[in-house]
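Just so we're on the same page: letters track the sequence lines, and every chain starts at 1.
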Number of protein chains: 2
Amino acid sequence: MYESFYKLKAIKRKAVLNAAIDEFVQYGFEKASTNSIAQEAGISKGSLFNYFKNKKQLFIYLIDYAITVIEKLYDQIDLSEKDLFKRLENIGLQKLEIQSAHPNIFDFLKTIKQEDSNQVKDFIDSKFDSLTNEGLNLIYKGVDYTKFRDDIDIEKAIEVLNWTMFGFSERALKNLDTFKHMDEVGKKYMNEWQAYSDFLKKLFYK
Amino acid sequence: MYESFYKLKAIKRKAVLNAAIDEFVQYGFEKASTNSIAQEAGISKGSLFNYFKNKKQLFIYLIDYAITVIEKLYDQIDLSEKDLFKRLENIGLQKLEIQSAHPNIFDFLKTIKQEDSNQVKDFIDSKFDSLTNEGLNLIYKGVDYTKFRDDIDIEKAIEVLNWTMFGFSERALKNLDTFKHMDEVGKKYMNEWQAYSDFLKKLFYK
DNA sequence: AATAAATTGACCACTTTGGTCAATGATGAT
DNA sequence: ATCATCATTGACCAAAGTGGTCAATTTATT
């Protein structure tokens, strides 16, 4: 199916993936331009349509790719880690790693859920039926909630924690320096996050 | 300049404004389609180009409109209210009122800052030079921070509060029922917000 | 009924679309 | 050096969409 695409060198393959992801995130399936994708990826349109027989196939490939990425993320959750903050920190690190390779892949997953082109809607729905919230629950499975203060609404605490993580990572990604190496940047931001994590832990925990 | 547009009935005017805002938010200036705007607003393209002489004028009008809206919001901040939570609640109420008329207007302000079409970039820059962060600082001016616990990092507390507000309103807007009346919906969500506000107040305050 | 004002959508020249394919370039074996 | 294989290119296509116009029609006002 995608043999010619797999044969590509990793760097080029990544460039194509990210160019396509960016374009679909910004404009949606119908208005995404294969011309722009090819140009942004630094390849000719002929090549793009050699790797993928048409726009729809490319889109479908991306969805499957993004889903396997997110499933791998869920698989790597360390269920033996009972501390919520430590567990989220691990997941954050892995997300950072993914995002250093594919900066927009989580946005892509978010936007395709709202995609409304009839050409691809059915396919998307079929893919997400199975995936929905499966891993999201996993994140909180087996967490030791007795560490939380008794006079606190734990559900609200988790929501605030989530929104804080989201806000923090949004801000961090804006400042991402694409020239520096991932492990360097990763260290910096995980350090910064530590401060927020400690801040909330002090408030939430006994 | 825009006489014919001002003569329109309020409902129609609002429809045009929101259709245009939505289109520009989603696709940016260059790729926004005047055909789509007219169709979405329920008017003919001829009318659209009667109200605004061209796409650029329409875009510029929207920017000015959005800026006056946000300036009015800043003007209405009650500086005599020294409690941060109460002050933010007031602002939230006013934002809700604005958003019930123009659901996407804050997104519009956010996205035009990243607009990179040469046709309009200069205009945008000139508009935002003066506005930047002017009102954002106002929100926190004169707030009584002695109410906060002494062992707390107030800057982080404000950030967490902001991210929580953002997360909450994002979620609330997704569930917005367009059929119900604004005051009804507003009451419901301000009630829900109260719970989050109290939750954080209990943690942050002495 | 007559006049003025507002609205329409077919129409224009031009650009962009997704997709094709003959030609060219690169690679490695002989 | 020759040849055969494979990857890559971009000019090219019909079709669709673009921002914008304007004569003709509908609606409102007198």
Side-chain angles (χ1 to χ4, degrees), chain A residues 1-17 19-63 115-121 123, chain B residues 1-17 19-63 115-121 123:
Chain A
M1 194 72 134
Y2 307 107
E3 306 83 5
S4 54
F5 184 60
Y6 290 130
K7 282 189 201 147
L8 286 181
K9 288 184 187 165
I11 297 178
K12 210 181 205 175
R13 207 167 48 228
K14 199 166 96 175
V16 173
L17 286 176
I21 287 172
D22 288 351
E23 182 78 7
F24 283 123
V25 164
Q26 196 168 11
Y27 300 114
F29 176 76
E30 302 260 9
K31 290 217 179 189
S33 159
T34 52
N35 289 335
S36 300
I37 292 170
Q39 199 179 358
E40 186 64 27
I43 62 171
S44 69
K45 207 198 320 194
S47 281
L48 183 64
F49 280 94
N50 179 36
Y51 306 146
F52 305 95
K53 80 171 196 208
N54 56 35
K55 191 177 169 181
K56 189 177 172 181
Q57 283 286 323
L58 166 58
F59 190 66
I60 285 178
Y61 177 82
L62 287 177
I63 293 175
E115 175 65 55
D116 52 356
S117 161
N118 291 323
Q119 284 187 70
V120 293
K121 210 174 178 180
F123 178 79
Chain B
M1 193 72 133
Y2 306 107
E3 305 83 6
S4 53
F5 185 60
Y6 290 130
K7 282 189 203 148
L8 286 181
K9 287 183 188 166
I11 297 178
K12 210 180 204 175
R13 208 167 48 227
K14 199 166 96 175
V16 173
L17 287 175
I21 286 173
D22 287 352
E23 182 77 8
F24 283 123
V25 165
Q26 196 167 12
Y27 300 115
F29 176 75
E30 301 260 9
K31 291 216 179 190
S33 160
T34 52
N35 289 333
S36 300
I37 292 170
Q39 199 180 358
E40 186 64 27
I43 61 172
S44 70
K45 204 189 337 181
S47 280
L48 183 63
F49 280 93
N50 178 35
Y51 307 144
F52 304 95
K53 80 170 195 205
N54 56 33
K55 191 178 169 181
K56 188 176 173 181
Q57 283 286 322
L58 165 59
F59 190 66
I60 284 177
Y61 176 84
L62 286 178
I63 293 176
E115 175 65 55
D116 53 356
S117 162
N118 292 323
Q119 285 188 68
V120 293
K121 210 174 177 178
F123 177 80

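Here dG17(D) presents its C1' atom at 13 Å from CD of Gln39(B), a figure rounded to the nearest Å. Whole-Å rounding puts the Tyr27(A) OH to dG17(D) P distance at 18 Å. Separating the CD atom of Glu23(B) from the P atom of dG17(D) is a distance of 13 Å, rounded to the nearest angstrom. One can place CZ of Phe52(B) at 15 Å from P of dG19(D), the figure rounded to the nearest angstrom. Atoms NZ (Lys45(A)) and C1' (dC13(D)) sit 10 Å apart, rounded to a whole Å. Distance, Phe49(A) CZ to dA7(D) P: 18 Å, rounded to whole Å. As a whole-Å value, the separation of Asn35(B) CG from dT18(D) P is 5 Å. Per the geometry, CZ belonging to Phe59(B) stands 13 Å off P belonging to dG19(D), to the nearest Å.
Gln119(B) contributes no side-chain N or O that, together with a main-chain N or O of Lys56(B), makes up a donor-acceptor pair within less than 3.5 Å.
Heavy atoms of Ser4(B) sit nowhere under 4.0 angstrom from any nucleic acid atom. Residue Tyr51(A) is classed as a sugar-phosphate contact, given heavy-atom separations below 4.0 Å to backbone atoms only.
Residue Thr34(B) places at least one side-chain N or O closer than 4.0 Å to OP1 or OP2 of dG19(D). Phosphate proximity of dA7(D) to Asn50(A): absent, as no side-chain N or O sits under 4.0 Å from OP1 or OP2. Contact annotation: Ser47(A) side-chain N/O to dT9(D) OP1/OP2 distance is under 4.0 Å.
Atom-to-atom distance recorded for Lys55(A):NZ and Leu48(A):CG is 11.0 Å, nearest 0.5 angstrom. Note that the CZ atom of Phe52(B) and the CG atom of Leu62(B) stand 6.5 Å from one another [nearest 0.5 Å]. Distance check, rounded to the nearest 0.5 Å: OH of Tyr6(B) to CG of Leu8(B) gives 11.5 Å. The distance from atom OH of Tyr51(B) to atom OH of Tyr61(B), rounded to the nearest 0.5 Å, is 12.5 Å. Here NZ of Lys45(B) is found 11.0 Å from CD of Gln39(B). Values are rounded to the nearest 0.5 Å.
First and last contacts of DNA chain C with chain A, using any nucleotide atom under 4.0 Å from a protein heavy atom and ordered 5' to 3', fall at dT17(C) to dC21(C).
Counted within 6.0 Å of NZ on Lys31(A), heavy atoms from surrounding residues, nucleotides or ligands total more than 12; the atom is thus considered enclosed. The neighbour count for Glu115(A) CD, taken as heavy atoms of other residues, nucleotides or ligands under 6.0 Å away, is above 12.
Mapping Ser44(B) and Ala32(A) onto DNA chain C by nearest heavy atom places Ser44(B) closer to the 5' end of the strand.
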Donor-acceptor pairs are to be reported for all side-chain atoms of residues 19-28 of chain A against protein atoms at under 3.5 Å, with residues two or more places apart or in another chain.
unit_1: Asp22(A); atom_1: OD1; unit_2: Asn104(A); atom_2: ND2; d: 2.8
unit_1: Glu23(A); atom_1: OE2; unit_2: Ser33(A); atom_2: N; d: 2.9

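Contacts of residues 5-17 of chain A with DNA chain C (heavy atom under 4.0 Å): none.
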